[in-house]
Every structure is written in C-alpha cells, then in structure tokens.
Amino acid sequence: MSVPPPAIVLLGRIHGELRRLRTTKNVVLERGPGAEMLEKMAGDRLRALVENVYTSLETLERAVKAGGVTPERLTRMADLQRATDRVTSECLALALGALARIVELEAGACEEADQLILDLAGRINRQFGRPTVPGESEHLNRAADVIRRRIPDHGLWDLPIMAHEFGHVVASGLTAYDAIGDQVLRPVEGFLEQVDSSRRGQVTELFCDVFATFALGPSYPCALILHRLDPMAPAIAADNASHPGDACRVHGCLWTLRMMQRQNASYHPYDRVLWQLDTAWQELQRRAPESARLDEQARAALATDLSRCWVALRDNLGAVRYQWSEHVHDLVDELNDPAAEHAPAGYSPADVLNAAWIVRLDMWSTGTPATEALELRARPLLRTALWGDG
Amino acid sequence: MTVAHLDLILSTRLELLEHVADEVDEIIDEMTKQRQRLSEVEDRIGPHGTLSISTNDLETALGDAENRLRVVLGHDDDAGWDDTSGLSHDNKKRLRDALEALSEGGRSALGRLREERRQAYDSFGDLQRWSIAGLGDEELQKAAQDYRDLLSDIKDSAEPWRRCQAELRGRGQELFTRYLELLGGMAVRGLDTRLADDARAVARLLVPPVPRIRGLPTRSPHVLMGTQHPPLGYAGWSLWALPLVGRTVAEHMIAQGNVFRTAVPAHLRVLCADLYSLYVLGPSYAHAALFLELQPDNPLPDTPPDSVRAQMLLQMLPQLDDSPPARSDLNEIADQLRDTWAEAREALGEQDDRLTEAEEDAVKEFFAELRSDFNEIAYQVKWLSDVRALGEKLVQGGSALDGVTVSLKDLLTAIWLARLQCPGAARDIHRRAEQLPRRGQMAAKPSDPKGLARRPRLGLP
C-alpha cells in the first residue's frame, strides 16, 4: 500500500489554508451581513492582511512543487498556518463585532466610543481616528487597527478607557519633524525603542495610561482605579506580563494628574479628586498583601519612565492635553440639579466625563451611590458634547 | 515723627474710604455737568430765555402787522371804521378777514406757545429741585478734601488705628450727612439696578430651596448702617461688603424661630447668623466681616464682642469641608486672615479672644444642624481652586475675562482672594467684577444712557 508523499501532504495543507483565506475574504469581507460596515472600518487593512498570507502560501506552494519538502519549508508552513489562524480569527472577531453593532447589541456604546476617539484624534491628526467594535476586553488590534470596546461595560463610566486604547495608536503613529536634523522623528516610539525589550510592552501600557489621563483629565484615573485595577494584585508585574502592576498604574495616573496642575502654584483643581482616589485606593489595599503595595524604591524606578512619557506628551501633544474648564463646575451643578439648567455652551466630552465622576465620587462620599440615575442625567450632556445639539 | 506700619485691615479700610472721597469727586463732576445742562435749559426756555425773547419779538411783529392793516383799512380805534380808503367793497372784506385771523389766530397761537414754554420750564424746575445738581458742591468739595487730608494724616500717624478710631467716626459722620443729601438726589433717578440684583441674589443664596422662611427683610440701603459701626456711606452697595447682607438675612431667619431646630439664645443670634453666612457664602463672608465690619478693639459692650465673632469665623472657616485638600485651602485662607486680624488687634493693644463654653456649644450645635439639614446651600469648597483662578483673571483683566460668567458666590470670594493677592489692583478688580455676567441671575437691565449707573459705588466699613 502506498503512502501519501510528504510533498502532496504539504501541498494539501497549503491548499486548505488558501481555501480558508478565500472563504474568510468572501464571507467576511464581501458577502457577509457585516461586510459593508467592516469594509468601512478596516476593509483595506483586512484585505491586505489576507492577501499577504495568501501570497506567502502561494510562494511556498511553488517552492514545494519545484523542490519538494525541506525542514525549512515545513517550518514555514507551520508559521503560515498560525498566521492564517490569526488573520481568520481577527476577521471573524471583527465581523462579529460589526454584526453586533448592526443589530445594536452594544446599545450605541461603540458609536459613542468612535466619537470620543474622533474628538481626541481631531486634536492631533484625524487620520489617527480608529473605529471601535464590541469585544470581550478593550484593546487595539494591531493587525486591523480597530479598537475593541468591552461590551457590556459600565457604560459612560468606562468610556474613558477608550482613551488608553487610542494612546496605542498615538504611540506608534505619532511623527514630528525635526528641523535641525531635517528628519521625521517618532517621538513616542523613539523613546519606547530605547527601553529594554523585556519591559517595552509594559512601558507602552504605562504611556497609554499617562496619555489617557493627559487627554481626559480625572475621569480616566477614576474609571481605571475604581472600576478596573485589582488592589490585591502584585505591585510589580512579572516580566512577561502585558501590563505594569496595578499599583504602578495607579501611581502613574495620579502622578500625571499632579503634573497637569503643577504649572500654577495657586491653582489646584485636581487636589480633591487626587485625594479621593488616593484614599480610596489605599482603603482598597488595606487588606492587600505587602507585595501589592508600591514601595518608595518602586516609585523611584517608575519616575524615569513616567517623566519620559510626560516629556513626549508635553513636547509633542500639547493640543490634546485636557484643560480644566470652569464648565465642569456648571456641569456638576447641572447634574446635581438638572431643573436649574446650568449647562454652559461649548463643553467638551471630557468635561462631561469629569463632571459625572466628580458628582459620583461626592455621592459615594456621602453614602448615596445613585449611579444609574446620575448616568441618565449625564448621558444627554455627553451626547451634546459628542454630536452637538442636533 | 515715626510713621507706623499699616496693617492690611486698616489699609483696606482706609483705601475704601479714599474710594468714597474719589466717588464724591465723581458726583461733584456729575453735578457740574448737570448744572451746565440745567443752565442751558434756563437760557433757552427760562422766563428770560431765548424762547421767551423770540415769542415777544413775534408778538411785536404781529402787532405791527395789525396796525398796518388797520391803517390801510382807515380804521380808527375810537371812531370805528371810516370809509376813506377808496378800496372796493370786496377788497375791504378780504383785508378785514385777514386782520381778524391775524388778531385772533396769531394771538391765540402765541398764548399757546407761552403756555407750553412755561409748562416745559416748570417740568425742568421740578427736576432741578430734586436733582443733585440743585445741591451746592463747594461745601461738599471742602468736606471731601478735609476727609482725604484726614485719611492721609491717619496713614502717617504713629498710631494709625488709634487715630482712626478717635477721629474718623466724627469726620465720617460729617461727610456722610452731606453725602446722604446727594444720595437722596441720586435716588430720584434710580440706583444702580445691577448691584441691587446682586444684593437680592445674595439674599436668595441664603434661603434654603425648601421655603422654610417667609417675609425676608426688605432690602434697604441702610441695612448695614444700624450697627454700632460708623454709618459712613452705602456700605451695602459694594461687592466687597455685599456678603454682609448674609448676616442680616440670617439674623432674620433665626429670629423667626421656625427655620432652625437649634434654639439659639437671643444674645447669641448674631454669632449663629455669622456662622450661617459663613456656611452659605464661604470665605467671602469672613473677609468682609473681618476687613470691613468687625472692630478689633471691641469699642462697644456687645455680646458677643466683635473679637469673639472674629474668632468664631476664623475657627469655623477651615471646618467648612473635612477633606484634606479643602482643609488645606481653607486653613491657608484662615491663617492669612488670622495673622491680619491679630496684627490689627495688636496695634490696638488687644490680645486673642476666645469663645466661652456656652458660645462654643451653641456654635457646635448650630453648625451640626447646618451640615445635616442645609447641605444643599452650603458653600462648595471643592471649587475654591476655580475661584482662585477667577481671582487671577480679575487681576489680569482684558481678554483673560472673555466669555467668563460667574456665580455670585464664587465672585464674592474671588474678589477678596484677588484683592489680598494684589492689593494695588483692588479698584480694577472691583470694576471688572461688577461687569462680569452673572450665572443664574436675571440679565441686568440696560444701563442709563448717561452712564450714571456705571459709576463705582461706595464700599465702606
């Protein structure tokens, strides 16, 4: 009895993978129910991804046909199979996300996130704007450049997390012209590349925390610290962890907020929220093991990374910096007493998010966590800030 | 002679008094302008004015025309018509008709013109009688100059506080008496509606949203004059002193007996009214009371004395908010006020005063009630940082204030913080603050065309 020759087996695999990619392309990008939306969001990128792997498989096919099986070709085949997995999985995830948006499974959360990201991107470069789709956790997918928003999340309260994901787009895409050297620099990527590769991922995440705080003000630290971070988690993450330790991230956000109000000695709009967040985190950590707390040595170690993040933002992204506005004051009054119509004209989405969090923190402090009612009052204000009165 | 150092409280009071003297000058200028206008009225429509003269000339011309016609017709007043003219019957009739029309119609029109002039003139006469322009200004000018000289002497004296206490009241009273006449004159033209709106707004801030109180005291320019303090000028009509309106309202609320649960003994009413105003209006009340109202040397045997009221304000100010950042902000303000107050007391040889046990207990109990039942109208310390920023903008002026709208509560504290930060800019700060649009208040009525309502107003201790 004859056995199938290795070259035939390998070619069979190659054909199978090619068919998977064609199916993915046809179903997801051309004929599927979410194809139109996906096309608008990331059609070109997804098509390029599929075609890139497809072309590599065809090249391998020609090599196998011409020269048979070699150990290198088997390794290459394994690599390309994994690549096909990643591409199809990303396409399917995005297709599901697009479908979820079409049937409004996410209740408008992604549209809201899109608009917030557009608002931030508009202050830097509109090309940085990225669409969002529902996902099981927030992240920016490098392959498709699409941001996932966790659905369901805590609604308006978690919206600031989108600014962190947008920070990833900025980190990799920001360029600046250096007139002295007559060259285009990548200020954020530039400093990240200087970081030891084992720490680069964590420092990038730290940068995104600093960026989100820088761009939105207190609402980001509020959402991150009070909704997401684990007070019991080790303060210092393992080297292979994707994110810095939770206590490091708390420190990073609060440090940034302090830096933002440092310019004016007599003007400290964030003192109160800094104290509230710091105290709340310390209270949450009261029963945590010693390893969950950030010691002085760890703080000192973070100082260099934080300073570099700050300098990169201060020097290159001043336009996106959140400027504390007296509008917040009026919006807080409006949220506390909607009947009185205190809302000013011209407030930003970040103003609304900050005002909502300030009211919520004050409510928590007095033991009246009327979160849902508050969100209902804040939503029309957010809508006005994101889309205008119309 | 050694010139003593002027502490901040005394220098603030003297500066505001100088402001009064300047304002008197402005009123005198206004009087001069008004007098010129009224003089022009006299020249034109007065009994011997150009209109009267022209009317008389017209009457003469009319009489002349009548005579000429009569001559043509051959009319003799004594003998009646004498037909010697040689005119045809028709022409005579025409000329007689013309003479009749001229005599009856022309004279009737002249009479109406005279009557209209008289009525118009009388209406201005009425205005003249009531206007400030009808007042003599020489005496007032002299009084203002004497007053300014006195302020200068006080500043240069070795013991300015004592000199101030000994001399200012009598002179102040003297100027005030004369000034009041002017104010009476101003009153017939209407006072500045903007500050009146602010005064009403402050009173509203003091009243809880739930209508627990009825019949607020009627706003009166004399509201702050019935105290033991120098009744010099319209103290209430200045943003610096406006927070003091709070205490009057609060005393009224406490006196009603059905607004607060705490039973406040009559002799401690003023202390609790101070506390209520501080609780609602925040640091601006402490500033206005210490800088403008309370006397460092307790000149009158009041219960509680001014020094105790001041002590209570300094003690309670940092307690308006328990959070450490707010405490830190409030402590900073209270420390500055405490030092300033202590300096003024020391200049008069006075020591720190303390609240008695009964006063402490009353204050604690009343404050506990405010915190539990009147939270909705409490001063929001969390915005103090914004208030400081507003103060800085008021010092900067110009485009820094573009698009800025303010709540009155914030504004009253902002002007005091800005003033202490930059005393030399006090008048600019006040002027800019007056012009800022208020949030949550009705729009100001259009100002009077002559700009009188835009004049600075008095801010007096």
Side-chain angles (χ1 to χ4, degrees), chain A residues 217-218 222 254 257-258 260-280 282-283 323-348 351 354-355 357-368, chain B residues 204-205 208-210 320-333 336 371-372 375-396 400-411 413-414 417-418 420-422 436-442:
Chain A
C222 287
L254 300 186
L257 215 47
R258 282 190 196 97
M260 288 171 71
Q261 68 173 8
R262 207 168 139 184
Q263 284 175 337
N264 189 330
S266 64
Y267 186 39
H268 296 144
Y270 305 131
D271 272 357
R272 188 181 179 88
V273 74
L274 276 165
W275 168 74
Q276 285 171 318
L277 289 174
D278 201 23
T279 311
Q282 282 177 31
E283 287 295 316
Q323 299 291 346
W324 175 260
S325 153
E326 284 159 13
H327 289 341
V328 178
H329 187 153
D330 295 325
L331 290 166
V332 165
D333 289 347
E334 172 82 11
L335 290 169
N336 281 321
D337 179 16
E341 294 184 7
H342 301 272
Y347 55 87
S348 70
D351 288 337
N354 289 327
W357 267 107
I358 285 170
V359 175
R360 191 176 181 201
L361 285 172
D362 283 349
M363 282 179 158
W364 275 353
S365 305
T366 56
T368 49
Chain B
R204 278 198 299 273
L205 291 174
V210 181
L320 292 181
D321 193 313
D322 287 335
S323 74
R327 264 295 166 91
S328 156
D329 263 347
L330 292 169
N331 270 325
E332 195 183 317
I333 295 170
Q336 189 180 17
R371 294 188 77 161
S372 69
N375 193 39
E376 69 273 27
I377 57 169
Y379 180 77
Q380 296 290 310
V381 183
K382 66 183 169 208
W383 305 122
L384 206 46
S385 185
D386 285 348
V387 169
R388 282 187 195 281
L390 173 61
E392 285 175 12
K393 288 178 184 172
L394 285 168
V395 172
Q396 287 169 31
L401 292 167
D402 285 353
V404 171
T405 57
V406 292
S407 75
L408 187 57
K409 236 190 229 194
D410 290 340
L411 184 67
T413 292
L417 296 182
L420 297 191
Q421 198 75 29
C422 200
L436 279 184
R438 312 283 195 266
R439 279 196 301 254
Q441 265 176 261
M442 285 188 299

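Chain letters run A, B, ... following the sequence lines, proteins first, then strands; residues in each count from 1.
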### Task
Give, as side chain, backbone, both or neither, the part of B:Asn375 having an atom under 4.5 angstrom from any heavy atom of chain A.
neither
### Message
Go through it in stages, so that I can follow the logic: the residues are B:Asp410 and A:Glu326, the test is side chain to side chain contact (heavy atoms under 4.5 Å, CB included), and I'd like the CA-CA distance, side-chain angles, deciding distance and then a yes or no.
### Response
CA-CA 11 Å; B:Asp410 290 340; A:Glu326 284 159 13; over 6 Å; no
### Task
Search all heavy atoms of A:Arg272 against all heavy atoms of B:Ser323 and return the closest pair with its distance.
NH1-OG, 3.4 Å
#### Entry: Segment of A:Asp337 engaging chain B (4.5 angstrom heavy-atom cut-off)
neither
### Query
Picking from B:Leu390, B:Asp386, B:Thr405, B:Asp321, which has the most non-hydrogen pairs under 4.5 angstrom with chain A?
B:Asp386
### Minimum side-chain heavy-atom gap A:Asp333-B:Gln380 below 4.5 Å
no
### Task
Side-chain contact test, heavy atoms from C-beta onward, threshold under 4.5 Å: evaluate it for B:Lys382 versus A:Gln276 and give yes or no.
no
### Query
For the residue pair A:Pro269 and B:Ser385, what are the closest heavy atoms and their distance?
N-OG, 3.0 Å
### Query
Taking every heavy-atom pair that is under 4.5 Å apart, which of A:Val332, A:Ile358, A:Asn336, A:Thr279 has the most such pairs with chain B?
A:Val332
